[in-house]
Colleague: 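I'd like to ask some things about the structure below.
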Amino acid sequence: MSALPLLDLKDASSFPSRRTEAWKYSDLRKYLREAPPLSPSAPIPLTGGGPFEALGGEAMVFVNGRPIDAGARVVCGEQTVRLRLISKAEGTGHAVAARLSARAGSRLLLLETHEGAGGAYVAHNRLELDLAEEAEVTRIVLTDEPEDAISVTQTAVRLGRGARYRQTIVAAGAKLQRLETAVSHPGHGADVRLDGAYVLAGGRHADLTSVVDHLGRDGTTSQLTKGVVKDTARGVFQGKIIVERGADGTDARMGHHALILSERGEVDAKPELIIYADEVQCAHGNTVGNLDESALFYMQQRGLPPDEARALLTAAFLMEVVDRIEPEGAREVVREWLTARL
Amino acid sequence: MLKINNLHVSVGDKPILKGLTLDVPAGEVHAIMGPNGAGKSTLGYALSGRPGYEAAEGAVSWNGEDLLALDPAERAAKGVFLSFQYPIEIPGVPALTFVRTALNAQRRARGEEEVSAPNFLKLVRAAATRLKMDFDMLKRPLNVGFSGGEKKRMEILQMALLEPSLLILDETDSGLDIDALRIVADGVNALRSPERSMLVITHYQRLLDYIKPDRVHVLAAGRIVASGGPELAHQLEAEGYDKYLPAAA
């Protein structure tokens, strides 16, 4: 499989620059030339259980890279885990290594939040998710990090046959924020949905990169990412789906659609389908544009002030991604979170 | 009262309205008829404030207020409503949500209290029944997948709920079969009142059999070139616009 290069915060030679193909649009080395000093340990914030608190479940918390409890967990039956990756640091760096294994037939709702306080920190999160046969994992990610933070999350997902993996990443960006997902897809009834939404303002940068490798026959992947950039923000979408030789019967769909709401906003999109099998159904679509001027005028003609018309149209554009989230409780948290940022 | 005085509007570099002057007193319905390209739709856009249709010269006042100084939403709050020839589809925004947002935005702009959700639903149900519209359709994204007739009914429904005082109907009959035309015209006629002015823009006389105008004006080459009573519409239907073209050119 075409693995994405792994980062090691202690080794500056592992920091990719734009000369590394997979990091072409997110030049980490431009912002980070040397290994940052290690972040000190910090107490877990006593107030609040994160944005998903109301949905219950067990918390799995890391503060400045250190697990409060355990860094790994095995899931059986039906569980909700709130994975909170908290950064409270100033100009230092820390790395998280977390692993979740879902046993055969189990169901996990993984509510992941990247909560940042302080500033100019460097966070590197390395997540491993293993889904045994017929396991079902829904992962929802919300990021809320300072505008001067650097944050890289690299997630490796391995699926057993018949497993179902659903992911929705909602990114608000940072100085450089990258959320990578690499999925090893065995086919044989396994089903993957990789969705994303980004809303970026100021000078923020968010990069949603994914690689799905279809190794066996009869696997499905559906991907929908939508983004909105304002000011001088920059959104990056890189989606790669590989269908290996013999992975016949694969059905893979990828869509990325973005709105640029300012003169100096930027969106870079690189959708890729690499197909070595013969009998497959694959499609991708990519659009980048602005809000429809005639729709904006229509709404204003009926009395909506320009800002309200823009916000309503933008929300409607993004909600297509939110509407795909199950269960409803998580969907409503994400809807409110996004609406508050438009 | 609507007063348009010597209105000049260019679209891009092309002059479209070239000194249009027209008064529509309160309570009256005036029809604007004219050949294709005369500037009929431009007049609707200029009055409602569409970007790209700004007045280069002239004045427009509505009940004594300078309309040209206001943005489109401010004009809407003052009672200006343009019924679009081709109503726009708004994906992702349910029709009900849209109309309630618009109504409350207008009320806020006028310093009035917002309409509560239950009261709004009552108003919509009553209006939808009058216009023979399926209420479930209003839960769908505005105009998306609606037929031509459904879109026009949706415009009339918004009119009924927003209660504008200056109605501009741009080719409201286009795309309507005779039954739909009757329903739409009934909806418009129900809004006739001594406080409301209406400007009915149409190419054909047909609509005016259903919405009877007090006055008919001929718009050709960017100006009003003739005005008269309802009989003028019938004359145009019989004779066409040819005789106005050389005179205007």
Side-chain angles (χ1 to χ4, degrees), chain A residues 168 170 195-199 224-228 255-259 261-263 285 287-325 331-332 334-336 338-342, chain B residues 44-53 70-95 97-110 112 114 141-144 151 154-155 157-159 161-164 166-168 170:
Chain A
T168 307
V170 182
D195 290 353
Y198 53 88
V199 182
L224 177 66
T225 299
K226 288 192 151 189
V228 175
H256 168 257
H257 306 284
L259 294 176
L261 303 185
S262 60
E263 287 291 316
T287 58
V288 178
N290 205 325
L291 286 175
D292 180 356
E293 287 298 328
S294 49
L296 276 177
F297 170 64
Y298 183 86
M299 296 170 97
Q300 291 175 62
Q301 203 297 305
R302 298 298 143 92
L304 274 74
D307 288 348
E308 204 173 333
R310 261 183 226 112
L312 194 58
L313 273 187
T314 308
F317 172 78
L318 290 172
M319 287 313 157
E320 190 186 354
V321 172
V322 178
D323 286 340
R324 283 157 62 105
I325 297 176
R331 182 166 69 235
E332 292 314 310
V334 173
R335 193 190 303 277
E336 278 175 30
L338 262 180
T339 307
R341 277 158 183 81
L342 290 174
Chain B
Y45 288 145
L47 293 178
S48 55
R50 181 168 195 152
Y53 292 80
L70 305 176
D71 77 20
E74 290 166 337
R75 294 185 201 195
K78 298 281 180 202
V80 178
F81 184 102
L82 171 67
S83 172
F84 283 53
Q85 181 177 5
Y86 304 107
I88 307 292
E89 299 187 1
I90 314 278
V93 182
T97 308
F98 177 72
V99 183
R100 187 153 80 93
T101 309
L103 177 61
N104 282 332
Q106 288 199 16
R107 294 182 68 94
R108 267 200 314 277
R110 291 193 291 259
E112 298 165 9
E114 295 193 10
L142 182 69
N143 292 333
V144 177
K151 285 180 183 173
M154 193 62 227
E155 294 288 277
L157 179 86
Q158 293 182 56
M159 235 183 248
L161 293 166
L162 297 172
E163 301 184 300
L166 174 60
L167 277 69
I168 306 160
D170 187 6

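The sequence lines fix the lettering, A, B, ..., with proteins before strands; numbering per chain opens at 1. Please read all numbers here as calculations on a predicted model, not as lab measurements.
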Colleague: Gln301(A) versus chain B, heavy atoms under 4.5 Å apart: side chain, backbone, both or neither?
Modeller: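 Both parts, heavy atoms under 4.5 Å.
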
Colleague: If you look at every heavy atom in Ala105(B) and Leu304(A), which pair is closest and at what distance?
Modeller: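 Closest pair (atom of Ala105(B), atom of Leu304(A), distance): CB-CA, 4.2 Å.
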
Colleague: Can you tell which part of Val99(B) gets under 4.5 Å to a heavy atom of chain A, answering side chain, backbone, both or neither?
Modeller: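 Answer is neither: Val99(B) stays 4.5 Å or more from chain A.
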
Colleague: Look up atom CD1 in Ile90(B) and atom CG in Leu312(A), then write down how far apart they are to the nearest 0.5 Å.
Modeller: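 Reported to 0.5 Å precision, the distance equals 8.5 Å.
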
Colleague: What part of Arg108(B) is in contact with chain A, defined as an atom under 4.5 angstrom from a non-hydrogen atom: side chain, backbone, both or neither?
Modeller: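 For Arg108(B), the side chain is the part near chain A, not the backbone.
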
Colleague: Count the heavy-atom pairs under 4.5 Å between each of Glu320(A), Gln300(A), Glu293(A) and chain B, then report the option with the highest count.
Modeller: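 If we count pairs closer than 4.5 Å to chain B, Gln300(A) comes out on top.
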
Colleague: Counting only N and O atoms by type, is there a donor-acceptor contact under 3.5 Å from the side chain of Gln106(B) to the main-chain atoms of Arg302(A)?
Modeller: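 Between the backbone of Arg302(A) and the side chain of Gln106(B) there is a qualifying donor-acceptor contact (under 3.5 Å).
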
Colleague: For Leu313(A), is it the side chain, the backbone, both or neither that has a heavy atom under 4.5 Å from a heavy atom of chain B?
Modeller: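 For Leu313(A), the side chain is the part near chain B, not the backbone.
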
Colleague: Given the rule in the side-chain contact (heavy atoms from CB on, under 4.5 Å) test, do Ser294(A) and Arg50(B) qualify, once you have shown the distances and angles that lead to the verdict?
Modeller: CA-CA 9 Å; Ser294(A) 49; Arg50(B) 181 168 195 152; 3.4 Å; yes

Colleague: For chain A, which of Ala76(B), Gly92(B), Ala73(B) has the most heavy-atom pairs under 4.5 Å?
Modeller: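 Max contact count across the listed options: Ala73(B).
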
Colleague: Counting heavy-atom pairs under 4.5 Å to chain A, which of Asp71(B), Leu162(B), Thr101(B), Thr97(B) comes out on top?
Modeller: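 With the most close heavy-atom pairs to chain A, the winner is Thr101(B).
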
Colleague: Can you confirm whether or not the ring centre of Phe84(B) sits under 6.0 Å from the ring centre of Phe297(A)?
Modeller: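 Ring centres of Phe297(A) and Phe84(B) closer than 6.0 Å.
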
Colleague: Counting only non-hydrogen atoms closer than 4.5 Å, does Arg75(B) touch chain A with its backbone (N, CA, C, O), its side chain (CB onward), both, or neither?
Modeller: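 Interface part for Arg75(B): neither.
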
Colleague: Report the option among Pro72(B), Pro164(B), Ala109(B) that has the most heavy-atom pairs separated by less than 4.5 Å from atoms of chain A.
Modeller: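 That would be Pro72(B).
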
Colleague: Tell me, yes or no, whether the heavy-atom count around Lys151(B) atom NZ, taken from other residues, nucleotides or ligands under 6.0 Å, exceeds 12.
Modeller: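 Counting neighbours around NZ of Lys151(B), more than 12 heavy atoms of other residues, nucleotides or ligands fall under 6.0 Å, so yes.
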
Colleague: With a 4.5 angstrom heavy-atom cut-off, could you sort out which part of Leu82(B) is near chain A: side chain, backbone, both or neither?
Modeller: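 Contact with chain A involves both backbone and side-chain atoms of Leu82(B).
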
Colleague: Count the heavy-atom pairs under 4.5 Å between each of Asn104(B), Val93(B), Leu103(B) and chain A, then report the option with the highest count.
Modeller: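 With the most close heavy-atom pairs to chain A, the winner is Val93(B).
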
Colleague: How are the rings of Phe98(B) and Tyr298(A) set to each other: parallel, tilted or perpendicular (split at 30° and 60°)?
Modeller: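 Parallel.
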
